[in-house]
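Quick caveat: nothing in here was measured; it's all calculated off a predicted structure.
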Amino acid sequence: MTAVRPASAGTVTYETLLARARGGELGPDPAGLRVAVAFTTRQAVRHDGRGTGYRNEVLGLRVGAAVGSCAVEPGATADGVVEECAGAALDRLLDHPLEPVRVAALDAYLMHVAPHSPAHEARPVRVPAGTSLEKSRARARAVVGLLKLPPGATVLVVGVVNSLLEALRARRLAYVPCDFKGGVTEWGEAVAGDALAEAHRCDALLVSGMTLGNGTFEPLRRHAREHGKQLVMFAQSGSAVLPRLLGHGVSAVCAEPYPFFWLDGGPSTLHLYQGGAR
C-alpha cells in the first residue's frame with residue numbers, strides 16, 4: 001500500500017477530503033464498497049476516585065477489516081439509521097444527510113485505504129492493561145505529549161476529559177476547558193460552551209475528533225492555521241481522517257480507531273502522528 005499523500009494542492013479540509021473520496025480520487029471507487037456492519041457503542045463512565053462522570057455514544061461502520069467511527073450525542077442515533085447503513089454502498093453514505101454518518105463513512109473509507117501503521121507515518125504507542133482510570137491516564141499522557149509548549153502556556157481543551165486536564169496540570173500548563181454540555185471540571189472549574197470565543201486567549205488547541213461530527217472542527221482548524229497555533233487532535237472520531245489534515249491547520253493527532261481503550265481492560269494501541277503535510 002502506498003504512503004498517504006495530501007489530497008490536493010493547497011489547503012486540505014474535511015470537506016475537500018469528503019469530495020475527493022466520493023469521486024474515488026483517494027482510492028477505490030466507494031460505490032464498490034459496502035458497509036457490512038453498522039453499530040453504536042454506548043458507555044457511561046465514573047472512574048473510581050473521580051467525582052464526575054460522562055457518557056459517550058459512537059456510531060461505527062465496518063468496511064472490510066476497517067471500522068470508521070464518529071461520536072454522537074447520547075441518544076441521537078435512531079435505530080433506523082444503523083439499519084439503513086448496514087449493507088449500504090459507501091458512496092451513498094459519504095453523501096448521507098447526517099454529518100456523523102458522513103464522518104464515519106469517510107473514516108471507514110480512509111481506514112480501508114491506508115490503515116494506521118508506520119508505513120503511513122503513524123507511531124504506535126501501547127497503552128498497558130489496567131483499570132479504566134489507569135488506561136485513561138496513559139492515553140492522556142500520550143495526547144498531551146504531542147503539545148510542544150513551555151510551562152505556563154495556555155491550552156484550549158475542546159471536549160473535556162478530566163484525565164487530559166490532569167496531564168496538562170502535571171505539565172504546568174494552564175487550560176480553558178470547553179464543551180457543549182458546560183458544567184464544571186473535576187476541580188470545580190467552569191466549562192465554557194463556545195470554544196471559538198475562547199480560542200484567542202490560548203496558545204494552543206487540544207481538540208476532540210468529535211468536533212468533526214458536530215460541525216465545530218473547521219472554525220477551530222482555520223483559527224489555528226491563521227494564527228500559527230498548534231492544533232493537536234485526540235481522535236476516536238475520524239481517526240483516519242484527521243491525519244490527512246497534518247500541515248493544513250492540524251499539527252499532531254493521537255488516532256485511536258475502534259475498539260477504544262475504554263472497551264477492554266487489556267492492552268490497546270494509539271497511533272501518533274506529528275509533522276507537516278502528508
Side-chain angles (χ1 to χ4, degrees), residues 14 17-18 21-22 26-28 30-45 54-117 120 122 124 127 132 135-136 139 143 159 161 207-215 217 233-244 253-271:
Y14 160 69
L17 286 174
L18 193 60
R22 287 179 185 133
L26 303 178
L33 299 172
R34 290 192 175 274
V35 171
V37 182
F39 60 97
T40 57
T41 305
R42 300 175 183 178
Q43 67 154 179
V45 181
Y54 57 91
R55 291 178 61 200
N56 280 328
E57 184 170 331
V58 183
L59 172 66
L61 302 177
R62 181 165 182 167
V63 176
V67 175
S69 301
C70 184
V72 298
E73 288 301 313
T77 305
D79 289 342
V81 172
V82 173
E83 292 177 4
E84 175 191 357
C85 291
L90 206 54
D91 64 332
R92 187 163 69 82
L93 299 186
L94 289 169
D95 204 29
H96 196 278
L98 295 179
E99 189 75 75
V101 174
R102 296 197 296 272
V103 171
L106 180 60
D107 195 37
Y109 180 79
L110 294 176
M111 279 284 290
H112 178 74
V113 170
H116 301 299
S117 72
H120 299 140
V127 175
S132 61
K135 294 192 72 176
S136 178
R139 183 191 72 144
V143 171
V161 178
V207 178
S208 167
M210 72 182 300
T211 54
L212 282 170
N214 64 25
F217 168 73
M233 304 296 303
F234 54 102
Q236 293 177 341
S237 298
S239 78
V241 177
L242 290 161
R244 300 274 181 148
V253 180
C254 177
E256 186 180 358
Y258 193 91
F260 312 126
F261 79 88
W262 38 265
L263 283 166
D264 184 76
S268 51
T269 303
L270 308 172
H271 305 273

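With rounding to the nearest 0.5 angstrom, the OG atom of Ser69 is 12.5 Å from the CE atom of Met210. Atom-to-atom distance recorded for Arg34:CZ and Asp91:CG is 8.5 Å, nearest 0.5 angstrom. The structure places CG of Asp95 at 4.5 Å from CZ of Arg22, a figure rounded to the nearest 0.5 Å. To the nearest 0.5 Å, the span separating CG on Asn56 from CD on Glu73 amounts to 9.5 Å. Leu242 CG to Cys254 SG: the interatomic distance, rounded to the nearest 0.5 Å, is 11.5 Å. The distance from atom CG of Leu93 to atom OH of Tyr109, rounded to the nearest 0.5 Å, is 13.5 Å.
No side-chain heavy atom of Leu212 sits under 4.5 Å from any side-chain heavy atom of Cys70. Asp107 is not listed as a side-chain neighbour of Ser237, based on a closest heavy-atom distance of 4.5 Å or more. Side-chain contact between Met111 and Val63: absent, with no pair of heavy atoms (C-beta onward) separated by less than 4.5 Å. Two residues are said to be in side-chain contact when any heavy atoms from C-beta on lie closer than 4.5 Å; Ser268 and Arg139 fail this criterion. Counting heavy atoms from C-beta on, the side chains of Leu26 and Arg244 come closer than 4.5 Å. Using a 4.5 Å heavy-atom threshold, the side chains of Asp264 and Pro259 count as separate. Contact of the Trp262 side chain with the Glu256 side chain is not registered, since no non-hydrogen atoms from C-beta on lie closer than 4.5 Å.
Ring geometry for Tyr258 against Phe260 counts as perpendicular: the plane angle is over 60°, on a 0 to 90° scale with 30° as the lower cut.
Heavy atoms only, all atoms of each residue included: Ser208 and Met233 are closest at O-CE, 3.5 Å. Of all heavy-atom pairs spanning Phe234 and Gly159, the tightest one is CZ-O, 3.5 Å. Here the closest non-hydrogen pair linking Leu59 and Pro100 is CD2-O, 4.0 Å. Closest approach of Phe261 to Lys135, counting heavy atoms only: O-NZ, 3.3 Å. In terms of heavy atoms, Pro243 sits closest to Gly238 at CD-O, 4.4 Å. When all heavy atoms are compared, the tightest approach of Ala240 to Leu110 is O-CD1, 3.7 Å.
Proximity of a side-chain donor or acceptor of Arg92 to a complementary backbone N or O of Leu94 within less than 3.5 Å is not detected. No donor-acceptor pair under 3.5 Å is formed between the side chain of Arg62 and the backbone N or O of Val67.
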Verdict with reasoning, Tyr14 to Thr211, per side chain to side chain contact (heavy atoms under 4.5 Å, CB included): CA-CA 11 Å; Tyr14 160 69; Thr211 54; over 6 Å; no

Trace of the side chain to side chain contact (heavy atoms under 4.5 Å, CB included) decision for Leu17 with Val241: CA-CA 8 Å; Leu17 286 174; Val241 177; 4.1 Å; yes

Worked check of side chain to side chain contact (heavy atoms under 4.5 Å, CB included) between His120 and His271: CA-CA 10 Å; His120 299 140; His271 305 273; over 6 Å; no

